[in-house]
K.L.:
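Below: one structure in structure tokens.
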Amino acid sequence: MLNIVIFGPPGSGKGTQSARIAKKYDLRHLSTGDILREEMDKKTSLGKKVSEYIDKGLLVPDDIVLKMLYDYAAGHMDSPGFIFDGFPRTIVQAEALDKLLNKRGIPINIVLSVEVEEQELFKRIMGRGEDSGRSDDSEEIARQRLDVYKEQSMPLIDYYKQQGKIVTIDGMKPVDEVFDRICQAIEAVKAV
Ligand code: ADP
């Protein structure tokens, strides 16, 4: 089993790279952002609650996200592996994921940290906002999401560094080059 976490600020290209990684290595792509947006589109009471956070650029509370993870995992444990995209985003979530996987003796093999300069992130998010239709792709909300990333998600870099799992990827490069570099990093851990 191959389990990958891809980590990076909003606009770093995690979603695009995750889809390609999932296809190449036959992994299940678990994007908490996509799952949450699906719930919002269904306009369920949970979906409405979720949109209150997302539309403000805040993180959805850990208990909601973790319940979703457990439900999803329960239905997909037969997968050859996962790429976790946009999850974990807090230390609480990372600890919960470690616990869930440890119980089954499944390791996270690698954590890809995609780095992109702030100015470029804004440019990408603003560009995407025009056709993504995402309620959180406006300048003000993007700024908020970036602040949240720095405060709540960046501590995960140290968390996974301590586990010796972080590989830094230069996300400023063209999509194909970023993907090549990611594949090299994955091949290196697969060979171990
Ligand atoms: P991006 O990485 O560009 O911000 P995502 O689709 O990964 O896009 O996430 C969009 C929004 O969904 C986040 O700003 C946050 O509100 C919510 N979200 C996604 N994943 C999580 C998570 N693991 N924990 C809490 N909130 C999440």
Side-chain angles (χ1 to χ4, degrees), residues 3-22 28-42 44 46-73 82-101 108 111-157 159-160 169 171-172 175 178 182:
N3 286 301
I4 300 170
V5 170
I6 187 161
F7 177 83
S12 57
K14 300 186 300 276
T16 307
Q17 296 296 339
S18 297
R20 295 178 73 161
I21 298 166
R28 195 167 286 273
H29 180 187
L30 191 156
S31 157
T32 40
D34 286 350
I35 299 175
L36 289 166
R37 276 187 291 277
E38 251 172 56
E39 202 61 47
M40 278 164 56
D41 290 344
K42 284 194 273 180
T44 55
L46 177 63
K48 284 182 194 150
K49 195 164 169 199
V50 160
S51 69
E52 283 172 26
Y53 295 95
I54 292 196
D55 292 350
K56 292 193 187 101
L58 302 175
L59 291 187
V60 175
D62 287 330
D63 57 337
I64 296 181
V65 175
L66 287 176
K67 168 145 194 343
M68 263 174 29
L69 170 79
Y70 297 142
D71 289 349
Y72 189 91
F82 288 93
I83 167 116
F84 295 99
D85 163 15
F87 180 90
R89 254 178 161 94
T90 63
I91 297 281
V92 170
Q93 292 179 13
E95 286 171 352
L97 180 63
D98 275 347
K99 228 187 215 166
L100 178 79
L101 296 178
I108 291 171
V111 178
L112 302 163
S113 172
V114 186
E115 293 189 346
V116 174
E117 286 166 21
E118 205 161 306
Q119 222 183 348
E120 172 71 12
L121 294 174
F122 278 107
K123 218 172 81 192
R124 290 186 190 177
I125 295 173
M126 293 307 112
R128 176 172 81 182
E130 285 164 21
D131 46 34
S132 73
R134 274 178 52 169
S135 51
D136 58 348
D137 276 352
S138 72
E139 184 162 357
E140 191 195 336
I141 301 301
R143 205 163 287 283
Q144 174 66 36
R145 283 158 61 200
L146 210 62
D147 285 348
V148 165
Y149 169 78
K150 286 184 201 159
E151 271 173 37
Q152 302 189 49
S153 303
M154 272 182 77
L156 289 175
I157 296 181
Y159 179 89
Y160 285 119
I169 304 290
M172 296 287 285
V175 173
V178 176
I182 285 176

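Read the numbers this way: they start at 1 and go in the same order the structure lists the ligands and their atoms. Hydrogens, waters and symmetry mates play no part in the numbers below; they use all other heavy atoms, side chains included.
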K.L.:
Between Arg143 and Glu139, does any side-chain N to carboxylate O distance fall below 4.0 Å?
P.N.:
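Judged by the 4.0 Å cut-off on N to carboxylate O distance, Arg143 and Glu139 do form a salt bridge.
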K.L.:
Of His29, Gln17, Lys14, which is the lone residue that meets side-chain hydrogen bond (donor to acceptor under 3.5 Å, both in side chains) with Asp85?
P.N.:
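In the set His29, Gln17, Lys14, the residue that makes a side-chain hydrogen bond (donor to acceptor under 3.5 Å, both in side chains) with Asp85 is His29.
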K.L.:
With a 4.0 Å cut-off, would you call Lys67 and Asp63 a salt bridge?
P.N.:
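Looking at Lys67 and Asp63, the cut-off is not met.
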K.L.:
Are Glu52 and Lys49 ion-paired here, with the side-chain N under 4.0 Å from a carboxylate O?
P.N.:
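Salt bridge flag = no for Lys49 with Glu52.
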K.L.:
Give the contacting part of Met40 toward ligand 1: side chain, backbone, both or neither, where contact means a heavy-atom distance below 4.0 Å.
P.N.:
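Neither part.
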K.L.:
Is there a donor-acceptor pair closer than 3.5 Å between any side-chain N or O of Ser12 and the backbone N or O of Val116?
P.N.:
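Flag not set: sc Ser12 to bb Val116 has no pair under 3.5 Å.
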K.L.:
Has Tyr53 got any heavy atom lying under 4.0 angstrom from an atom of ligand 1?
P.N.:
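Tyr53: no contact with ligand 1 (<4.0 Å).
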K.L.:
If you measure from the Lys or Arg side-chain nitrogens to the Asp or Glu carboxylate oxygens, is any gap between Lys99 and Glu95 under 4.0 Å?
P.N.:
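No salt bridge links Lys99 with Glu95.
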K.L.:
Considering distance alone, does some N or O of Arg89 sit under 3.5 Å from an N or O of ligand 1?
P.N.:
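For ligand 1, there is an N or O atom that lies under 3.5 Å from one belonging to Arg89.
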K.L.:
Should the proximity of Val148 to ligand 1, defined as any heavy atom under 4.0 Å, be assigned to the side chain, the backbone, both, or neither?
P.N.:
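Neither part.
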K.L.:
Are any of the N or O atoms of Leu58 closer than 3.5 Å to those of ligand 1?
P.N.:
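In this structure, Leu58 places an N or O atom under 3.5 Å from an N or O of ligand 1.
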K.L.:
So which bit of Leu36 gets within less than 4.0 Å of ligand 1, heavy atoms only: side chain, backbone, both or neither?
P.N.:
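Just the side chain.
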K.L.:
Heavy atom of Gly11 under 4.0 Å from ligand 1?
P.N.:
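Contact check Gly11 vs ligand 1: positive.
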